[in-house]
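The structure appears right after this line, and notes come after that.
Since the model is a prediction, treat every value here as computed from it, not as a measurement.
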Amino acid sequence: MEASVGNNMEAVRRSKEDRKVLRKQLKASHTLLKHEGISTAPQPTKSLVVANGGLGNGVSREELSAALSEMGEVETLIMHPHKPYAFVTYRSEESARKAHTHLNGEKLQCGENSVTLYLSYVDSVTCEEEVSVPLPDGLVLVEDFVSLEEEALLLAAVDWSSTNDDVTAQKALKHRRVKHYGFEFRYDNNNVDKDKPLAAGIPQECLPVLERCVKNKHFDILPDQLTVNQYESGQGIPPHVDTHSAFEDAILSLSLGAKTVMEFRHPDGRLVAVVLPERSLLVMKGESRYLWTHGITPRKFDMVPACDPQSPAHTTPDLSTCSNLTLSKRDTRTSFTFRKIRHEPCGCAFPSACDSQGAPSASSPPPPPPPSLPCCHADAALLEEEYVHRVYDAIASHFSSTRHSPWPRVCHFLSSLPAGSVLADVGCGNGKYLGVNPEVAAVGCDRSGALVHICAERGFQAFVSDALSVPLRTASCDACISIAVIHHFSTQERRLAAVRELVRLLKPGGRALIYVWAFEQEYNKQRSKYLKDQNKEHPENHSATENTQTTGGSQEPHRPSSIHTSIHLEDNYRPEENIDVADGKLSVHTNRTAFNTQDLLVPWHLKEGKKRAEEETKEGGKKDKRKDKSKKTSGNTCGSSSIAKLNCNPGPSPGFLSDMCSGSGPDTSDATHSPDSKPGASGDTSQTSSSALKSESESSPVPVFHRYYHVFHQGELERLCGQEAGVKVQSSYHDQGNWCVILVKDLGR
């Protein structure tokens with residue numbers, strides 16, 4: 001009898017779990033249809049779509065293929081770049097049925113993370129023909145140019161033990177370690193002092209390799225300058241062109257220790273991603289050396305072809321469309337870049353990019369024209385993509401390092417929520433509010449994939465999403481917060497749409513807290529902290545509120561200006577002339593001053609001055625201590641239950657919703673005490689103006705990014721929220737230069 005009861009209880013438990021998996025599976029199907037246009041089939045077929053099992057979730061081809069192959073013989077496995085789903089076709093329908101039955105709702109361990117798979121049948125899968133793109137003119141990649149033994153000798157020839165080596169001009173930069181041999185590349189002028197050779201010439205271990213380069217016509221004459229860069233996993237270098245006047249034509253770079261992906265971009269917007277295998281030689285001559293920028297996006301995983309491409313030597317697989325990709329975990333890579341010092345002015349065929357022929361040098365790039373206020377939805381989406389989304393993705397790490405002190409009145413709102421409440425932080429930034437109240441089930445979303453990754457590293461539940469279309473169930477949240485987000489939308493309609501989306505998420509009776517930057521930085525005869533800190537030593541980075549998560553999911557247009565105007569404007573704008581918008585052009589705000597116009601661009605200096613850059617190494621220990629303290633204070637995290645209540649998928653990735661959309665917000669250095677802000681993606685997270693960035697042999701100058709803001713007049717936020725039916729403003733207040741409201745959703749809604 002007891003055994004019978006036990007069996008019945010087990011059957012009921014299994015039945016409940018099956019129903020839960022079915023609900024999740026249906027949810028996945030609806031989401032795929034809504035966001036990707038993928039229709040699932042009601043009857044069994046040989047093909048399935050695997051939600052959560054994509055490269056965009058951090059799932060490698062090898063990991064997914066191993067799980068799928070246990071169910072039967074796999075005919076094809078298609079994994080599109082950045083997508084959080086994959087397609088599998090089995091040799092037989094029986095195998096597909098088995099996978100559908102046994103893998104639905106199963107967890108797949110991917111490194112340190114795990115994802116839950118949901119499979120649905122599809123009628124057919126289109127396997128597109130692999131496309132190759134031509135390499136930039138003058139670019140040659142020679143694989144296996146050095147042997148394993150030569151690689152070991154070259155790596156051993158570099159002594160990194162010295163912390164202050166004047167002989168080889170060793171530097172410990174923020175994003176990599178570097179040594180110069182022969183001549184030092186100067187960080188202050190983006191050039192070399194040709195009259196001051198270093199005591200250490202090119203190491204003898206390099207000579208056999210260089211002689212082979214000359215023999216194979218990669219070099220006409222032996223180089224006299226070597227830069228050795230060491231990149232740890234997650235590090236990179238911004239796009240740049242090596243200074244024309246400093247070096248002769250050919251530039252050779254050996255990749256040792258690990259592979260990486262280097263991105264080449266033409267001024268007309270063309271992008272070519274080139275996989276550099278370990279022990280390969282990259283030769284840049286002509287157009288590829290003088291005109292195309294090259295850089296390495298900082299990330300821990302690269303998307304690379306799953307097998308050796310069969311394309312001709314002068315082409316490379318198009319990684320943006322390839323379906324035969326997998327994830328390659330980055331390891332420590334050391335590059336040996338050889339160059340020949342130039343002693344005469346450059347006379348290349350690219351005068352528009354040549355500093356010897358009158359083009360601006362990297363240290364003084366020409367200012368691009370300021371953008372205009374948008375006149376339609378499409379223009380607004382493009383403006384926000386350029387001057388919000390890409391900015392915060394580019395400055396995410398720096399931004400997060402300045403954002404660790406929650407604002408008291410935001411904390412008071414969060415602490416007032418009853419235990420068990422479901423909270424959505426729309427525009428969560430680095431997640432600093434997600435752990436304030438450990439008694440609530442908190443989930444965050446942000447337009448910046450880089451910031452969401454930081455949230456995941458801190459143990460918070462967050463996913464990438466646009467604030468205008470959050471993939472959470474209607475009326476699923478007891479509370480929402482939007483801190484420093486809505487002021488990044490560039491039209492009244494889009495700001496109202498952001499409020500409307502918050503209201504949609506709330507349950508009847510639920511509350512939402514909204515912060516936006518105020519036009520009135522002096523209120524009730526009190527100056528905001530933003531103005532008070534006007535004379536701080538490093539007053540570069542300021543803004544209003546904190547985390548941000550803005551705007552729609554439009555993609556950047558394919559246009560020539562994508563390099564030179566992309567979020568990187570120089571101070572040649574003369575921001576002191578910050579007057580009302582003239583001819584529809586946005587002005588650049590002077591930090592720490594009162595506003596003269598509502599729509600403007602606010603500078604963010606990626607590093608807070610030269611002194612900070614020089615002291616970064618010394619400050620490393622102190623920063624580590626602060627990070628440890630921050631981790632302790634943010635240790636209260638939500639389990640998977642917080643996501644389950646919202647019908648989202650668990651795991652550090654946003655599940656199959658991760659590639660649907662994204663946003664970001666303002667930020668300032670810690671000294672500013674401005675409301676919380678943040679930095680910001682595609683793979684091009686570090687895109688900045690090529691003319692303002694330095695070569696792989698030197699550190700970057702201090703880039704200045706410009707973020708779009710609409711600062712709110714007194715009463716404007718209340719009037720905006722008043723346009724949305726079914727919600728009322730419970731209270732409003734001014735908090736350190738920000739206008740704030742608490743909304744309550746009607747019980748009848």
Pair His377-Thr491, side chain to side chain contact (heavy atoms under 4.5 Å, CB included): steps then yes or no: CA-CA 8 Å; His377 174 83; Thr491 67; over 6 Å; no
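- Considering only residues two or more places apart in sequence or on other chains, Glu716 meets the salt bridge (Lys or Arg N to Asp or Glu O under 4.0 Å) condition with none of them.
- Expressed to the nearest 0.5 Å, how far CD1 of Ile483 lies from CZ of Phe413 amounts to 8.5 Å.
- Nearest heavy atom pair, residue His710 against residue Asp599, reads ND1-OD1, 3.1 Å.
- No side-chain donor-acceptor contact under 3.5 Å links His734 to the backbone of Ala518.
- By the salt bridge (Lys or Arg N to Asp or Glu O under 4.0 Å) test, Arg504 pairs with Glu501, sequence neighbours left out.
- Note that CD1 of Ile481 is 5.0 Å distant from CG of Leu414, once rounded to the nearest 0.5 Å.
- Summarising the geometry, atom CG belonging to Leu586 is positioned 8.5 Å from atom OH belonging to Tyr387; distances are rounded to the nearest 0.5 Å.
- The aromatic ring centres of Trp604 and His706 sit 6.0 Å or more apart.
- In this structure, Tyr530 and His589 have parallel ring planes: the angle between them is below the 30° cut-off, well short of the 60° mark.
- In this structure, Ser482 contributes its side chain and Val485 its backbone to no donor-acceptor pair below 3.5 Å.
- Under a 3.5 Å cut-off, the side chain of Gln723 and the backbone N or O of Leu496 do not form any donor-acceptor pair.
- Relative ring orientation between Phe519 and His713 is described as tilted, the plane-to-plane angle lying within the 30° to 60° band.
- Between atom CG of residue Leu22 and atom NZ of residue Lys24 there is a gap of 12.5 Å, rounded to the nearest 0.5 Å.
- Side-chain contact check for Ile38 versus Tyr85: some heavy-atom pair is nearer than 4.5 Å.
- Ser400 places no side-chain N or O within donor-acceptor distance of the main-chain N or O of Ser397, the cut-off being under 3.5 Å.
- Listed by chain and number, the residues in a ring pair (Phe, Tyr, Trp, His ring centres under 6.0 Å) with Tyr708 amount to none (sequence neighbours excluded).
- One finds the CG atom of Asp393 at 12.0 Å from the NE2 atom of His453 (value rounded to the nearest 0.5 Å).
- A 4.5 Å side-chain heavy-atom check between Asn591 and Pro603 finds at least one atom pair inside the cut-off.
- Looking only at distances, no side-chain donor or acceptor of Gln730 sits under 3.5 Å from a matching main-chain atom of Val744.
- Looking only at side-chain heavy atoms (C-beta outward), Leu417 and Arg511 come within less than 4.5 Å of each other.
- You'll find the side chain of Thr597 reaches within 4.5 Å of the side chain of Ser587, heavy atoms only.
- Side-chain atoms of Leu743 and Val499, non-hydrogen and from C-beta on, do get closer than 4.5 Å to each other.
- For the residue pair Asn437 / Ser415, no side-chain donor-acceptor distance below 3.5 Å is found, with atom types taken as modelled.
- Side-chain N or O atoms of Gln521 include none that pairs as donor or acceptor with a backbone N or O of Ser528 at under 3.5 Å.
- Residues Pro371 and Leu601 share a closest heavy-atom pair of CD-CD1, 3.8 Å.
- Judged by distance alone, the side chain of Lys745 and the main-chain N or O of Gly510 form no donor-acceptor pair under 3.5 Å.
- When all heavy atoms of Cys477 and Cys480 are compared, the pair lying nearest together is CB-SG, 4.1 Å.
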Show your reasoning for whether side chain to side chain contact (heavy atoms under 4.5 Å, CB included) applies to Lys27 and Tyr118. CA-CA 9 Å; Lys27 174 72 172 179; Tyr118 296 103; over 6 Å; no
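- Atom SG of Cys375 is separated from atom CG of Leu383 by 11.0 Å, given to the nearest 0.5 angstrom.
- In plain terms, the two heavy atoms of Cys721 and Val741 that are nearest each other are SG-CG2, 4.1 Å.
- In this structure, Arg458 contributes its side chain and Asn430 its backbone to a donor-acceptor pair below 3.5 Å.
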Trace of the side chain to side chain contact (heavy atoms under 4.5 Å, CB included) decision for Glu384 with Phe489: CA-CA 7 Å; Glu384 293 157 11; Phe489 289 99; 3.9 Å; yes
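- At least one donor-acceptor pair under 3.5 Å links the side chain of Ser465 to the backbone N or O of Ser469.
- Side chains of Phe460 and Cys428 form no contact here, defined as non-hydrogen atoms less than 4.5 Å apart.
- Partner of Leu505 under the side chain to side chain contact (heavy atoms under 4.5 Å, CB included) criterion, out of Thr474, Leu472, Asp478, Val422: Leu472 alone.
- Across all non-hydrogen atoms, the minimal contact from Gln714 to Glu520 is N-OE2, 3.0 Å.
- Nearest heavy atom pair, residue Cys455 against residue Gly429, reads SG-O, 3.1 Å.
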Give the C-alpha distance, both sets of side-chain angles, the deciding distance and a yes or no for side chain to side chain contact (heavy atoms under 4.5 Å, CB included) between Val711 and Trp739. CA-CA 9 Å; Val711 291; Trp739 290 115; over 6 Å; no
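- At least one side-chain heavy atom of Phe712 sits less than 4.5 Å from a side-chain heavy atom of Leu720.
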